[in-house]
Visitor: 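Can you read through this structure? Questions will come right after.
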Amino acid sequence: MKSILCSILLLFFSGSTYAQNDCIDAMAVCYDTFGIVNYLGGPGVQELNSGNVCQGKEENSIWFRFTIESPGTLDFYIFPLDTKAVDYDFWLFGPATSCSNLGSAIRCSTTERRASLGGSENITGISRFETDLFENPGEGNGFVSPVNVQAGQTYYLAVNQDKVSERFQLILTGTAKLKENPPYTRMHHDYFFIEKCDDDGVNDIATYFNLMEFENIISTTERINISYFKSSNDAWLNHNVITNPGHYLSLPMLDGIYVRIEHPITGCVWIDRMSLVITNTVAAGTPGDLFLCDTNGNGTQTFDLSVNNSLIQNGTALPVSYHLTEQDAKTGNNALPNLYQNTTRSQTIWARLSGTGTCYMYDVTSFTLNVPEIPKIEYTLNIRDFSGDDTSVEVIITEPEKYVYAVDNDSFSPSINFNGLTEGPHIFYIKPLDECGVIESRNFFILNYPKFFTPNNDGENDLWRIAYLTQRPGSYVIIFDRYGKLLTSFGHRSAGWNGTLKGKSLPADDYWFILHLDTGQVVKGHFALLR
């Protein structure tokens, strides 16, 4: 036999619209009682009168009842759980035979610990370290002295908070004992559940259960009252009882059923729990959207729908069919062939995963067929030539991150700049990262001018010209001597200059040129004529 009474109640105040909790509805606190109660109703009847030594009234209150099994001291603590700033008041009455003869409170505290002592917590209760019997607002530390109680006596406790929707924890301590054991035993201690398949003819992952199967796993020699609820809160407060436990339709997302076991004489309540498990349900996996590029140019392609079978089957071997509408998928009508040609660029296809056996079940899901257009790439090349070793090409394009690039036979990269290119022809490549993109290429030339030429009619380097200028129609060159005298000019088709003026060979010297490119760029430089 334990010598310490340690019942714990977790009370969650959540703004529910339950009936008011008065003394007559007081929750019977028994040994091993543990409850999670979402309750807030305020007083139905104002049961605290002006005769009580502690000032205050019921605003958001709940009542408890203790029946002592063995004598000792009755102590308790009230801990705010959500907001430590909530002010809790309490009044303890007794011994009393009923709510009609409560009399005045024998212990009470309506002070606010934070206001009186500072700090952040408003813990209150009865403590063996205290000697005072009562505390009004502004007095004491929130605790009063314990009560010596005798076997068979009944005490009533009213707990009130000044704010709504907050939880508190009530911990009873001391040497007195309440009822030790529940009036029933489980035949096994395993978590209890009732398992059925969805066989009610409606595919909603819900079916009818006989909740009273729970009564087959308990044994009792005393008369007890058993009732069933959808929530722990309802079970503790005896609200919203399930009226048809023998033929109860479960909801698909219901976590469990709470069983209230109440002793009709002591009023002690025990809460048990069981789960309702719907088995053999069909749950379709997530298919992948399908893509084929518009190589036909008309937005249609032929898809193999069956490539999604394994994803939809989700580890099962259940049959899969494909449909144009959700309704057809639900009814199983108008199944499509596995090889199907889409009718729009983005088209939704519905899949049905069908169950087998006696359970009525299926699940539907959807995915899309996509035939995106092959993108047209619009870009320009910014060529930097006539720069010696610093020649380069840069691509100018909107959203460059959607592409990769290469020059000549180099590997693709996200870089839009290519430096150190040699004089002559090159090929620029651009490849979209989009799976429907195709590689495009464009020829370009890096131009440069020779630094000297030797017009001695030996067949080598006899003409001064800019190689590949023929690729830049509209470009032309003007040549001067060192004194700025115009010597000659020629266009992009010319073979070049032979170092003469009016048929007469010019001497070895430096000569200057101005190149006007078709782009409007002007390049100036000089070169040597060697004899």
Visitor: Please report the interatomic distance CD(Glu373) to SG(Cys293), rounded to the nearest 0.5 Å.
Guide: 11.5 Å
Visitor: For the side chain of Glu262 and the backbone of Val269, is there at least one donor-acceptor N/O pair under 3.5 Å apart?
Guide: no
Visitor: If we only count heavy atoms from C-beta on, is the Lys330 to Thr325 side-chain gap below 4.5 Å?
Guide: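 They are not in contact (no side-chain heavy atoms under 4.5 Å apart), so the answer is no.
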Visitor: If you look at every heavy atom in Gly288 and Leu311, which pair is closest and at what distance?
Guide: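 What the structure gives for the nearest pair is N-CD1, 3.7 Å.
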Visitor: Would you please classify the geometry between the Phe444 ring and the His426 ring as parallel, tilted or perpendicular, with 30° and 60° separating the classes?
Guide: parallel
Visitor: Do Val159 and Ile78 have side chains that get closer than 4.5 Å, going by heavy atoms?
Guide: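 Val159 vs Ile78: side chains touch.
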Visitor: Are Arg384 and Asp390 ion-paired here, with the side-chain N under 4.0 Å from a carboxylate O?
Guide: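 Here Arg384 pairs with Asp390 in a salt bridge, since their nearest N and O are under 4.0 Å apart.
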Visitor: Report yes or no: does Ser275 contribute a side-chain atom to a donor-acceptor pair with the main-chain N or O of Phe193 at less than 3.5 Å?
Guide: no
Visitor: Can Thr111 and Ser109 be said to form a side-chain hydrogen bond (donor to acceptor under 3.5 Å, both in side chains), step by step?
Guide: CA-CA 6 Å; Thr111 192; Ser109 174; 5.7 Å; no
Visitor: Taking the cut-offs as 6.0 angstrom to the six-membered ring centre and 45 degrees off its axis, would you call Arg113 and Tyr88 a cation-pi pair?
Guide: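 No.
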Visitor: Looking at Phe209, does the NZ or CZ of Lys196 lie under 6.0 angstrom from its six-membered ring centre and within 45 degrees of the ring axis?
Guide: yes
Visitor: Can you list the steps and then say if Tyr405 with Glu394 is a side-chain hydrogen bond (donor to acceptor under 3.5 Å, both in side chains)?
Guide: CA-CA 10 Å; Tyr405 316 91; Glu394 177 187 16; over 6 Å; no
Visitor: To check you understand the geometry: which heavy-atom pair defines the closest contact between Pro245 and Tyr228, and what is its length?
Guide: CB-CD1, 3.7 Å
Visitor: Assess whether side chain to side chain contact (heavy atoms under 4.5 Å, CB included) is satisfied between Val404 and Ile430, documenting all intermediate values.
Guide: CA-CA 6 Å; Val404 288; Ile430 182 169; over 6 Å; no
Visitor: Decide if atom CZ of Phe412 counts as having more than 12 heavy atoms of other residues, nucleotides or ligands within a radius under 6.0 Å.
Guide: yes
Visitor: Would you mind reporting whether Leu74 and Ile126 have side-chain heavy atoms less than 4.5 Å apart?
Guide: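 Contact flag for Ile126/Leu74 side chains = no.
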Visitor: Starting at CD1 of Ile194, measure out to OH of Tyr248 and round the result to the nearest 0.5 Å.
Guide: 11.5 Å
Visitor: Could you report the tightest heavy-atom contact between Gly246 and Met212, atom names first, then the distance?
Guide: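 Nearest pair, atom of Gly246 first, then Met212: CA-CE, 3.8 Å.
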Visitor: Which is it for Arg472 and Phe445 under the side chain to side chain contact (heavy atoms under 4.5 Å, CB included) test, yes or no, and what are the steps along the way?
Guide: CA-CA 9 Å; Arg472 307 289 288 271; Phe445 293 84; over 6 Å; no
Visitor: Among side-chain atoms of Ser346 and Asn370, is any donor-acceptor pair under 3.5 angstrom?
Guide: yes
Visitor: Keeping Thr331 on the side-chain end and Gln327 on the backbone end, is there a donor-acceptor pair under 3.5 Å?
Guide: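 Answer holds: yes.
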Visitor: Just checking, any donor-acceptor pair under 3.5 angstrom between side chains of Asn309 and Tyr322?
Guide: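 Note: Asn309 and Tyr322 side chains meet the donor-acceptor criterion.
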Visitor: Relative to each other, are the rings of Phe93 and Trp63 parallel, tilted or perpendicular (30° and 60° limits)?
Guide: parallel
Visitor: For Ser321 and His323, what are the C-alpha separation, side-chain angles and deciding distance, and is it a side-chain hydrogen bond (donor to acceptor under 3.5 Å, both in side chains)?
Guide: CA-CA 7 Å; Ser321 58; His323 308 264; 2.8 Å; yes
Visitor: Of the non-hydrogen atoms in Thr220 and Pro183, which two are nearest, and what is the gap between them?
Guide: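 Nearest pair, atom of Thr220 first, then Pro183: OG1-O, 2.5 Å.
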Visitor: Quick one: is the NZ or CZ of Arg442 closer than 6.0 Å to the six-membered ring centre of Phe428, and within 45° of its axis?
Guide: no
Visitor: If we count only N and O atoms by modelled type, under 3.5 Å, do the side chains of Asn122 and Asp87 hold a donor and an acceptor together?
Guide: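 Distance-only check fails for Asn122 and Asp87.
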Visitor: Taking atom CD1 of Ile396 as the centre, report whether more than 12 heavy atoms of other residues, nucleotides or ligands fall under 6.0 Å from it.
Guide: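 Yes, CD1 of Ile396 has more than 12 neighbouring heavy atoms, counting only those of other groups under 6.0 Å.
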Visitor: Out of curiosity, Gln301 CD to Leu290 CG, how far, rounded to the nearest 0.5 Å?
Guide: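 Going from the CD atom of Gln301 to the CG atom of Leu290 covers 12.0 Å.
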Visitor: Please test Ser415 against Asn417 for side-chain hydrogen bond (donor to acceptor under 3.5 Å, both in side chains), starting from the C-alpha separation and ending with a verdict.
Guide: CA-CA 6 Å; Ser415 175; Asn417 289 287; 5.2 Å; no
Visitor: Measure the shortest side-chain to side-chain distance between Val371 and Phe303 over non-hydrogen atoms and say whether it is less than 4.5 angstrom.
Guide: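 Counting from C-beta outward, Val371 and Phe303 do come under 4.5 Å.
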Visitor: For Asn409, does the CG atom have more than 12 heavy-atom neighbours from other residues, nucleotides or ligands under 6.0 Å away?
Guide: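 No, the 6.0 Å shell around CG holds no more than 12 heavy atoms from other groups.
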Visitor: Hey, could you give me the OG/CG distance between Ser61 and Leu157, rounded to the nearest 0.5 Å?
Guide: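 Output value for this atom pair is 11.0 Å.
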Visitor: Looking only at atom types and distance, does a side-chain atom of Glu222 sit under 3.5 Å from a main-chain N or O of His263, one as donor and one as acceptor?
Guide: no
Visitor: Start with the C-alpha distance between Asp234 and Arg260, add both sets of side-chain angles, then the distance that settles salt bridge (charged side-chain N to carboxylate O under 4.0 Å, His left out), and finish with yes or no.
Guide: CA-CA 9 Å; Asp234 284 350; Arg260 176 186 174 98; over 6 Å; no
Visitor: Which pair of non-hydrogen atoms, one from Ile224 and one from Ile261, has the smallest distance, and what is that distance?
Guide: CD1-CG2, 3.8 Å
Visitor: Just wondering, more than 12 heavy atoms not from Glu401 lying within 6.0 Å of its CD?
Guide: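 Yes, CD of Glu401 has more than 12 neighbouring heavy atoms, counting only those of other groups under 6.0 Å.
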Visitor: Just how far is it from atom OH of Tyr403 to atom CD1 of Ile377, taken to the nearest 0.5 Å?
Guide: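 So the gap between those two atoms works out to 5.5 Å.
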Visitor: Which value, rounded to the nearest 0.5 Å, describes the distance between Cys268 atom SG and Phe66 atom CZ?
Guide: 11.5 Å
Visitor: Testing Asp289, Leu305, Thr348 for side-chain contact (heavy atoms from CB on, under 4.5 Å) with Leu369, which one passes?
Guide: Leu305
